[in-house]
Number of protein chains: 2
Amino acid sequence: MSRINKVIIAEDIKSIHLGLSSILEKFHIEKRDFVQYCDDAYIMIKKAVKDNSPYDLLITDLSFAKDHREVNFLNGEDLIKAVKNENKNIKILVFSIEDRLHKIEYFFNHLEIDAYVCKGRNDQKDLEKAIKAINQGNKYFSKSLSNLYTNKCHQEIDNYDIELLRMLEQGYNQSEISKIFKRKKVSPSSTSTIEKRINNLKNYFKAKNTINLIAKSKDLGII
Amino acid sequence: MSRINKVIIAEDIKSIHLGLSSILEKFHIEKRDFVQYCDDAYIMIKKAVKDNSPYDLLITDLSFAKDHREVNFLNGEDLIKAVKNENKNIKILVFSIEDRLHKIEYFFNHLEIDAYVCKGRNDQKDLEKAIKAINQGNKYFSKSLSNLYTNKCHQEIDNYDIELLRMLEQGYNQSEISKIFKRKKVSPSSTSTIEKRINNLKNYFKAKNTINLIAKSKDLGII
DNA sequence: AACAGCCTTACGGAAAACCGTAAAATTAGA
DNA sequence: TCTAATTTTACGGTTTTCCGTAAGGCTGTT
């Protein structure tokens, strides 16, 4: 496995650039390009392939603020999908504030990323470990994620519950949800059970009513 | 107005520290202390007052990730409120990803902060401007906020509406809200009008029902 | 003073949510 | 395989929300 020595970083928050730069410097990675839009990253990656000097590694954030500029790629996920088509050998390191386990698992499983580092108190050291792992041809996924503390309570909330909460959030009433679940072959689907499950969720989150339930679910980041 | 020369920075994302440090270096601010927990910032600010060498400026994030450590102050807002009691002269610069106008206005009006800089593509330059403004005894609030694109629609939503949405979010039903408004002398307070106003909000936000209304309001950052 | 326009309040019927009970179906265990 | 336990479904009564109509009140204009 060849050593990383040409890197592109897609990160819209300017104040993070220096922190990333200093890590790359430690690894004596001289060729490092910073961009603040996904579109720019894509263009540069594509061009580098064409010029026969492709990037070895893309470090990218997931969420990018919208501004006046019109863009094709709204977020890191879109970018990664597109980049995979242009450069099959490029390694991907996602660097994001997102610390929810099921989201991170999604990126490993569906986007085949090579490393995930969570922005936070330990991110500099995690970045070092991640790059070291990639240099050795391994994947990296920080074990020191805070979600281990916040998500333990969420384990009792399953995908059905989340789907149900999402339906409520979108404004469907109980009988509409029942019909939709029947159509999508989601079980259970009776209005009675849906009612009961909503009630369980309200008890679980100590919500006063369904409105409060959705508010709390959103605050906790479950939906 | 005396020049800033002793600063404490409360920011849990380690990768941002270097970016902040380089800005402070430009202003020749030598005394800069970085902490990753609100609690530590509070303790150090309190101690500095006691030692007769108080900080001139607190730069703080708003949201701090939870981890294994038990803390008294969960977020920047709690910290700022507490700090104001310990050091009445300290300047406050909030440095956060939050770019929704309503929230930012809240910090200026209720917490009497001195500057707000939004983490983003232009944050380094905005930080410079903010510190310059504070040095001159002025307040600073970045005009280059992306919310200018998303928030123009919110001007028609007044404080009454927001209070109403907050009540709904907390799970109060219409008659409870009516009683609370009557007690707090908030007008109008009849269940009938409350019902009507909720309906107006639903039309305005094209919400299917009240649950959807609260979900949309939270997504837009109005509450 | 008279009037129009807007906001507030009141009320009644229909729809949906809420709550308890109970039957039917499914699963788990002996 | 039979039984016990759990989950799903069904149903009826109560509360709350939803929606239309209409009366009452405040303000500004002529």
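Below, all heavy atoms of this structure are taken into account, side chains as well, without hydrogens, waters or symmetry copies. Proteins come first, then strands; the chains are lettered A, B, ... in the order of their sequence lines, and each starts at number 1.
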Next item on the list: Describe, as an angle rounded to 10 degrees, how the axis at the first end of the helix from C/dA1-D/dT30 to C/dA30-D/dT1 is tilted relative to the axis at the last end, five pairs per end.
Entry: 30°
Note to self: Does B/S189 reach a base, just sugar-phosphate, or nothing at all? Heavy atoms under 4.0 Å.
What the structure shows: sugar-phosphate
Checklist line | Which nucleotide in D/dA10, D/dT17, D/dC18 has an atom nearest any side-chain atom of B/K202 | finding: D/dC18
Checklist line | Whichever of B/N199 and B/K196 has its nearest DNA chain D nucleotide further upstream toward 5' | finding: B/N199
Check: Going by distance alone, is a donor N or O of one side chain under 3.5 Å from an acceptor N or O of the other, for B/Y37 and B/D67?
Finding: yes
Note to self: Please determine whether a side-chain nitrogen of the Lys or Arg among B/E112 and B/K139 lies less than 4.0 Å from a carboxylate oxygen of the Asp or Glu.
What the structure shows: no
Notebook entry, point to check: When the distance from OH of A/Y160 to P of D/dT7 is rounded to whole Å, what number comes out?
Noted result: 13 Å
Margin query: Measuring centre to centre across the rings, with the benzene-like ring taken for any Trp, is A/Y116 within less than 6.0 Å of A/Y140?
Written below: no
Checklist line | Nucleotide of D/dT8, D/dT9, D/dC19 approaching A/S192 most closely (side-chain heavy atoms) | finding: D/dT9
Margin query: Quick check: B/F108 with B/F141 (ring centres under 6.0 Å apart)?
Written below: yes
Next item on the list: Using whole Å, report how far CD of B/Q174 lies from P of D/dT15.
Entry: 17 Å
Notebook entry, point to check: Would you say the side-chain atoms of A/S190 and A/T193 include a donor-acceptor pair closer than 3.5 Å?
Noted result: yes
Margin query: Could you tell me how far apart A/I198 (CD1) and D/dT8 (P) are, to the nearest whole angstrom?
Written below: 14 Å
Next item on the list: Grab the CD1-P distance between A/I177 and D/dT8 for me, whole Å please.
Entry: 16 Å
Margin query: For A/Q174 and A/T191, which I'm curious about, is there any donor-acceptor pair between the side chains at under 3.5 Å?
Written below: no
Notebook entry, point to check: What does B/S187 touch in the nucleic acid at a heavy-atom separation under 4.0 angstrom: a base, only the sugar-phosphate, or nothing?
Noted result: nothing
Next item on the list: Please find out if less than 6.0 Å separates the ring center of A/Y160 from that of A/F181.
Entry: yes
Checklist line | Test item: side-chain donor near acceptor, A/S63 and A/N75, under 3.5 Å | finding: no
Checklist line | Span of DNA chain C in contact with chain B (heavy atoms, under 4.0 Å) | finding: C/dT8 to C/dA10
Checklist line | All ring-ring contact (aromatic ring centres under 6.0 Å, His included) counterparts of B/F34, not counting sequence neighbours | finding: B/H17
Note to self: If I take atom CG in residue B/L213 and atom P in nucleotide D/dC18, what distance separates them, rounded to the nearest angstrom?
What the structure shows: 10 Å
Margin query: I want to confirm an ordering. Mapping B/E195 and A/S175 to their closest nucleotides on DNA chain C, which one lands closer to the 5' end?
Written below: B/E195
